[in-house]
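Down below is the structure, laid out as structure tokens.
Below, chains carry the letters A, B, ... as their sequence lines are ordered, and counting in each starts from 1.
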Amino acid sequence: MSYFGNISKAFSTIATGMKITFRHFKNARKPDGIFTTQYPHKAVPLPKFSRQQLHNRIEDCIGCMKCANACPVSCIYIETVKAPAGTLSDTSNGQKRRLYLTRYDIDMAKCMFCALCTYPCPTECITINSDFNFIKFERKDLLYKFSDYSPEQVEQIKQEAKLREQQEAAEKIAKAKAAAEAKLKAETEAKAKAEVPQVEAKTEEVKAEQKPETKE
Amino acid sequence: MDNILVWTMISILVMVGLVSVVGIISIYLERKVSAFMQDRLGPMEVGFGSLANAIIGKKTFKEGRIGLAQSLADGLKLLQKEDIVPKGADVFLFKLAPMIVFGGTFAAFAALPLAEYFVPADINIGLFYILAISSFGVTGILMAGWASNNKWGLLGALRSTAQMVSYEIPIGVSLISIVMICGTLSLKEMVLAQSGWFWNWHLFGAISHNGAIGIVLLPVMFINFLIYFTCSLAETNRAPFDIPEAESELVAGYHTEYTGMRFAIFFLAEYGAIFVGNAIAVTLFLGGWNSGIPMLDEANIPGIAPLIFITKVFVLIFVVMWVRWTLPRLRVDQLMNLCWKYLIPFTLFTFFYVTIYKVFLT
């Protein structure tokens, strides 16, 4: 290219470039001229079903363990204590709550955001929402504690449960005694009468009722 | 006499403030202009209110919405930073370098004619003084690159020196044309010669000196102005001639190893140098403090002359930024090619043109 051709090309290309940048500079005042979203003040809404953070409405949770069992990475920790009937209110969809949730922790550091825990929930209390802003400075802060009992309350609940258990055990022994006595009585009655198989069956039924329920 | 002394004192104080204020304003402008050209918003959060709130620790003031105090907050942050001197550095030179760079720029501010009675140092060789003292900064840059004991720093300093030395030539020659027309090196007298209507400005020839015949200088003066402007970009290491700093190649060039306030001083000096370079362009070509409309100048509104001067300089600074965010960086050989093959022949041509005009037409 010739010497003056170089110069004219330099001028024309510079002018083209400068025109483009000036157009952008001028358009910056228009609402669609700028692409920045000022994030903390204004956020682009996430898709409706985006899976970000797990939340548990603890007042609806019945402690059925279905979510913990469904979790592929075992990031949900549940501990329950049996509650006496009638002490806990019903869930919002009318299910009975029979367990104190002394522990309901979700480790978001382990969570892989599959949301498989939300499907089996019978009361729909565990949900995954679009709140993605849960940055923490400590890893332990990612362990979300949903239980609404304080450690003291948990201690109290456990002690009460223990007392109740002892009471129940005592009652059970008493019942067993009564049953044994009844059995003895029945046996003596049976001895007195001829041998009747029906009575035997009845005592079996009583025994089944008194079987201790599994804890937790 | 007393009056002049007072004015001199005031103008010296104003200059001391002006260097830092110009730096702060230019950095803010740079960030905003670059943001708008790239469809971004630039600094938006740190207004004066939010800065004051952060300092006193309470939410007393209304928070800013366009980030006016961003550069101030950055300066405050840099003040608190650790001042690191690298292990292998030449400590004395390392610490001296930013002072020399800043000193060179600051000394150049002294001779800038802001208004007729607002020249801190009204010396009769003002232009020569500014050209000499602003080249003094090269020493500091070379010093910084060498003393850092860092390959990026040294490479940047070498490039910077090569560039600045070669671009001194077209700058000098293009300004000699103006000196020939005016017959003086005093910046104040050059501006006084351009008073009146805007066609008296040297950009449009030498009408104020020789009447209508001065219009024959119009094309060469335009060329001179363009060449001066291009070279002042190269002098101040601005894109597209920012190869001494070349972020993608040399980390940051000669100030790679500098931290905290020393880095901030380099930064301020850079923007100060841009201001000085464009202030010379305004003084010599664009009529200095004259508004270009005689009625406005004769109205004698207090303080308007420096305002006009600074406004003109900032318009040119905007162009500098505009160029920076448009054009890609030149390679070293392209840079030298441009200087020696294109700019110097053209300045020599305009130099002879003006000489012939001066000898035969006046």
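- Contact detail for Phe25(A) and Met37(B): the closest heavy-atom pair is CB-CG, 3.9 Å.
- Taking both residues in full, the closest heavy atoms of Arg40(B) and Thr36(A) are given as CA-OG1, 3.3 Å, listed atom of the first, atom of the second, then distance.
- Environment of CZ in Arg103(A): crowded, with over 12 heavy atoms of neighbouring residues, nucleotides or ligands closer than 6.0 Å.
- Within a 6.0 Å radius of CZ in Phe352(B), no more than 12 heavy atoms belonging to other residues, nucleotides or ligands are found.
- Using a 30° and 60° split on the angle between ring planes, Phe22(A) and Phe318(B) fall in the perpendicular class, above 60°.
- In this structure, the side chain of Trp322(B) engages the main chain of Met18(A) through a donor-acceptor pair within 3.5 Å.
- Between Met44(B) and Gln38(A) the shortest heavy-atom distance is CB-NE2, 3.2 Å.
- Only the side chain of Pro345(B) comes within contact range of chain A, with heavy atoms under 4.5 Å apart.
- Shown here is Phe349(B), whose CZ atom has no more than 12 heavy atoms of other residues, nucleotides or ligands within 6.0 Å.
- Counting heavy atoms of neighbouring residues, nucleotides and ligands inside a 6.0 Å radius, atom NZ of Lys81(B) does not exceed 12 of them.
- Heavy atoms of Leu327(B) lying under 4.5 Å from chain A belong exclusively to its side chain.
- To the nearest 0.5 Å, atom OG1 of residue Thr230(B) and atom CD1 of residue Ile14(A) are 8.0 Å apart.
- Note: Asn27(A) CG to Asp39(B) CG = 7.5 Å, rounded to the nearest 0.5 Å.
- By the neighbour-count criterion of 12 heavy atoms within 6.0 Å, atom CD of Glu160(A) is densely surrounded, having more than that number from other residues, nucleotides or ligands.
- A 6.0 Å sphere centred on OH of Tyr119(A) holds no more than 12 heavy atoms belonging to other residues, nucleotides or ligands.
- Closest of all the heavy-atom pairs between Phe346(B) and Ile7(A) is CE1-CD1, 3.4 Å.
- In terms of heavy-atom pairs under 4.5 angstrom with chain B, the leader among Arg29(A), Arg23(A), Lys26(A), His41(A) is His41(A).
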